[in-house]
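Take a look at the structure below.
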There are 2 protein chains.
Amino acid sequence: MGPAGGAQGPDGAVRRARGRGRTTASMADVARLAGVSSQTVSRVSNGYAGVNEETRQQVLAAMKELGYRPNSAARALKRGEFRTIGVITFTLSTTGNVRTLEAIATSAAAEGYAVTLLPVAVPTTDEVRGAFSRLEELAVDAVIVIMEVHLLDAATVTLPPHVQVVVVDSDAGSHYTVVDTDQSGGTRTAVQHLLDLGHLTVYHLAGPEDSFAAQRRADAWRGALTDAGRPTPPVVRGDWSAESGYHAGLELAAQEDCTAVFAANDQMALGLLRALHERGRRVPEDVSVIGFDDIPEAGSFLPPLTTLHQDFAEVGRLCVQAVLRKMRRDGPQRGTTLVPTRLVLRDSTAPPPGGGRRES
Amino acid sequence: MGPAGGAQGPDGAVRRARGRGRTTASMADVARLAGVSSQTVSRVSNGYAGVNEETRQQVLAAMKELGYRPNSAARALKRGEFRTIGVITFTLSTTGNVRTLEAIATSAAAEGYAVTLLPVAVPTTDEVRGAFSRLEELAVDAVIVIMEVHLLDAATVTLPPHVQVVVVDSDAGSHYTVVDTDQSGGTRTAVQHLLDLGHLTVYHLAGPEDSFAAQRRADAWRGALTDAGRPTPPVVRGDWSAESGYHAGLELAAQEDCTAVFAANDQMALGLLRALHERGRRVPEDVSVIGFDDIPEAGSFLPPLTTLHQDFAEVGRLCVQAVLRKMRRDGPQRGTTLVPTRLVLRDSTAPPPGGGRRES
DNA sequence: GTGGCTGATGTTTGCGTAAACATCGTGGCG
DNA sequence: CGCCACGATGTTTACGCAAACATCAGCCAC
């Protein structure tokens with residue numbers, strides 16, 4: 001029937017792909033077996049209407065028999081998109097980043113997108129710039145950046161023009177689309193909780209200075225105290241680690257008037273608990289401690305930690321939504337989306353030793 | 001000169017890629033600007049010898065001017081490989097998986113490979129099979145599975161024939177290439193440490209039954225005790241979480257003769273510490289506790305936890321090495337590689353209350 | 001000087017897919 | 001009866017790159 005030339009392979013059988021010696025069925029193979037053109041296979045493969053049901057079944061049967069899988073490289077080349085989202089992270093050692101990443105991967109999968117991980121070894125501007133530069137030849141359609149974004153200074157880092165970017169943990173909402181936990185609201189909830197218990201003021205065990213999240217938690221803490229007309233004790237700083245929390249805790253334990261501490265994350269709160277314990281200051285009887293994150297272990301600290309729950313899953317979900325919206329050019333291109341926190345009451349907070357105003 | 005048709009764009013300028021409206025320079029654009037053929041551009045791009053230095057410089061200049069980036073889809077289609085490693089994980093909620101993943105990503109990047117994350121929502125055989133099936137149309141050359149591998153039962157899961165697989169945390173060394181921490185050796189070190197301190201026997205707070213790692217730690221614990229001629233107390237089980245460790249700890253605290261506990265991971269050890277504390281059993285004076293993993297917080301527990309350090313970075317590195325070796329068809333295709341652990345002595349272990357044999 | 005060799009470069013081709021366009025039969029309708 | 005619309009399917013083409021092959025100049029040896 002058909003003309004002599006054309007797609008007929010050397011032996012009419014499934015072709016042996018070059019390179020790895022693997023065997024792969026292409027659309028042409030399926031088409032041959034089903035007795036249709038490869039275009040019809042393509043239509044079936046992509047679920048287009050306008051294919052006779054009978055033909056469809058034949059094609060599907062042929063696909064199954066040959067174990068046909070669309071070749072994503074060819075598809076990407078043709079369509080000009082990869083169905084892949086890149087995620088740039090500096091570190092996976094913080095709970096938040098990991099949980100966010102996991103949520104991103106899950107949400108992306110639900111949308112039919114894969115996730116490619118782009119680790120940046122050292123968070124220097126150069127490294128980040130390098131990552132963004134490499135990005136352009138990477139097979140991604142969009143990028144989500146989970147990082148302190150001082151490094152994303154628009155002046156020095158050139159973003160690939162066609163790649164959509166969403167950022168977590170930044171205040172660069174005017175330049176990028178940002179999704180983040182409501183650091184400020186959460187912090188104010190924490191401080192207010194302690195003030196309501198009767199504490200005269202609240203100390204702050206802050207995260208590192210170069211972190212936006214830490215900065216905003218510190219700012220909100222200061223704001224909450226100021227609004228309530230309370231004095232603001234000096235800030236003690238850690239680097240997010242439990243170890244640094246311990247050292248900071250030794251300092252705080254020495255402060256006689258310190259009856260309440262807001263730790264910028266749970267890990268530091270853990271170290272703080274140990275320091276207070278060592279120095280004989282009981283929690284919560286002598287000192288109340290509140291954390292931030294609600295890591296899974298927080299309920300097993302000594303004592304179980306009252307903390308602010310971050311909904312990382314939601315953050316991840318919104319990141320994916322936002323980046324897909326940007327790609328599809330609908331919805332707002334910029335601005336910040338905040339995910340609320342939730343106060344989780346456990347056993348590390350109580351009224352101050354003298355007995356403050358009781359609520360119940 | 002050339003025939004009328006051909007690569008000449010509508011206006012001889014950088015083409016506007018369809019789909020996203022983005023602007024991309026192709027090899028042809030670079031070639032036109034540099035006044036060479038696209039093949040020469042390809043040679044320069046791939047660093048082949050046999051290109052005149054002067055020509056090379058011209059091409060490089062043209063590349064730079066146009067901001068040329070090779071299109072990875074086209075490259076993958078042509079070469080038949082993606083330079084991408086897929087990583088299948090069930091959960092990122094355990095430290096080990098995350099740290100391993102991070103190491104894999106870093107090592108892969110160093111080898112010029114990207115990492116695509118393939119989360120499996122629920123660890124059922126069906127889900128895993130689905131993941132492996134989807135895999136074939138995913139843009140990966142090889143796969144690393146970070147998972148309890150009961151689910152990788154060869155009878156039910158068909159692995160894509162051309163995709164190389166390396167598995168973490170499994171005893172399926174005869175079927176797959178496996179890289180793992182030396183669970184057994186680590187466990188024996190832990191048990192021996194406690195016996196050396198003078199404890200008559202060691203209780204075991206085990207991980208979930210369906211985990212290979214947990215199983216092997218339990219087996220090694222039993223073996224070590226048996227070899228030393230000590231009785232083996234009944235196993236208490238948790239699910240890796242601190243919460244489960246707490247509940248198990250309440251049980252253990254009730255055992256009068258329990259002076260030493262080997263917890264299968266640090267999180268459970270944390271919960272155990274809390275339970276012991278609540279029940280008035282001091283650590284390490286009354287009960288010694290040893291963990292497994294050496295998570296960053298372990299040094300900040302109350303008391304700081306003696307534990308076995310796992311070198312996740314090395315595990316990740318070896319995974320990448322192994323999978324690349326498999327792809328390149330050199331080196332052993334199967335077998336198990338073990339990464340040794342290291343005992344980290346902190347404050348949670350001591351001789352038993354009665355005072356055992358002292359070492360120093 | 002002629003043939004063959006080497007190094008540098010150009011030309012052709014095809015990877016697997018899917019958009020755009022072409023074809024072909026069928027059935028409705030003036 | 002003839003024309004057109006329409007649904008179903010086939011054919012052509014191009015996505016960007018790189019292997020394979022072709023070309024071509026310069027040079028050496030005999």
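First the proteins, then the strands, lettered A, B, ... as listed; each starts at 1.
Looking at residues two or more places apart in sequence or on another chain, you find no side chain to side chain donor-acceptor pair (under 3.5 Å) involving B:Thr337. Shown here are the side-chain contact (heavy atoms from CB on, under 4.5 Å) partners of B:Arg75, two or more places apart in sequence or in another chain: A:Glu137, B:Ser45, B:Asn46, B:Pro70, B:Arg79.
One end of the helix from C:dG1-D:dC30 to C:dG30-D:dC1 points its axis 60° away from the other end's axis, with each axis taken from 5 pairs and the angle rounded to 10°.
When B:Val320, B:Asp141, B:Val140 are each tested for a side chain to side chain contact (heavy atoms under 4.5 Å, CB included) with B:Tyr113, only one passes: B:Asp141.
Comparing C:dG16, C:dA18, D:dC17 against the side chain of B:Tyr68 picks out D:dC17 as the nearest. Side-chain proximity of A:Ser42 to C:dT17, D:dA18, C:dA18: nearest is C:dA18.
Look at A:Tyr48 and you won't find any side-chain N or O under 4.0 angstrom from OP1 or OP2 of C:dA18. Using a 4.0 Å cut-off, some side-chain N or O of B:Asn46 falls inside it from OP1 or OP2 of D:dA18.
Taking atom CZ of residue A:Arg83 and atom P of nucleotide C:dA18, one finds them 10 Å apart after rounding to whole Å. As a whole-Å value, the separation of A:Met27 CE from D:dT11 P is 13 Å. Across the protein-nucleic acid pair, B:Glu81 atom CD and D:dC17 atom P stand 16 Å apart, rounded to whole Å. Straight-line distance from the CZ atom of B:Arg79 to the P atom of D:dA19: 8 Å, rounded to whole Å. Atom NZ in B:Lys78 sits roughly 6 Å away from atom C1' in C:dC15 (whole-Å rounding). Atoms CG (B:Asn71) and P (D:dC15) sit 12 Å apart, rounded to a whole Å. Atom CG of A:Leu77 and atom C1' of D:dG16 are 6 Å apart (whole Å). Atom-to-atom, CZ of B:Arg75 to P of C:dG16 comes out at 19 Å; the value is rounded to the nearest Å.
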What side-chain donor-acceptor pairs closer than 3.5 Å can you find for residues 56-69 of chain B, not counting sequence neighbours?
from, atom 1, to, atom 2, distance (Å)
B:Arg56, NE, B:Glu53, OE1, 3.3
B:Gln57, NE2, B:Glu53, OE2, 2.7
B:Arg69, NH2, A:Ser133, OG, 3.3

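Panel note: side chain B:Thr100, backbone B:Val98; no donor-acceptor pair is recorded below 3.5 Å. Side-chain N or O atoms of A:Ser42 include none that pairs as donor or acceptor with a backbone N or O of A:Thr40 at under 3.5 Å. In this structure, B:Ser107 contributes its side chain and B:Ala103 its backbone to a donor-acceptor pair below 3.5 Å.
Note on residues 99-119 of chain A: no pairs pass salt bridge (Lys or Arg N to Asp or Glu O under 4.0 Å), not counting sequence neighbours.
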Original post:
Under the side chain to side chain contact (heavy atoms under 4.5 Å, CB included) criterion, do A:Leu118 and A:Thr89 qualify, and how do the steps go?
Top reply: CA-CA 6 Å; A:Leu118 309 172; A:Thr89 61; over 6 Å; no

Could you write out each protein N or O paired with an N or O of nucleotides 5-9 of chain D at a distance under 3.5 Å?
from, atom 1, to, atom 2, distance (Å)
D:dT9, OP1, A:Thr55, OG1, 2.5
D:dT9, OP2, A:Asn52, N, 2.7
D:dT9, OP2, A:Thr55, OG1, 3.4

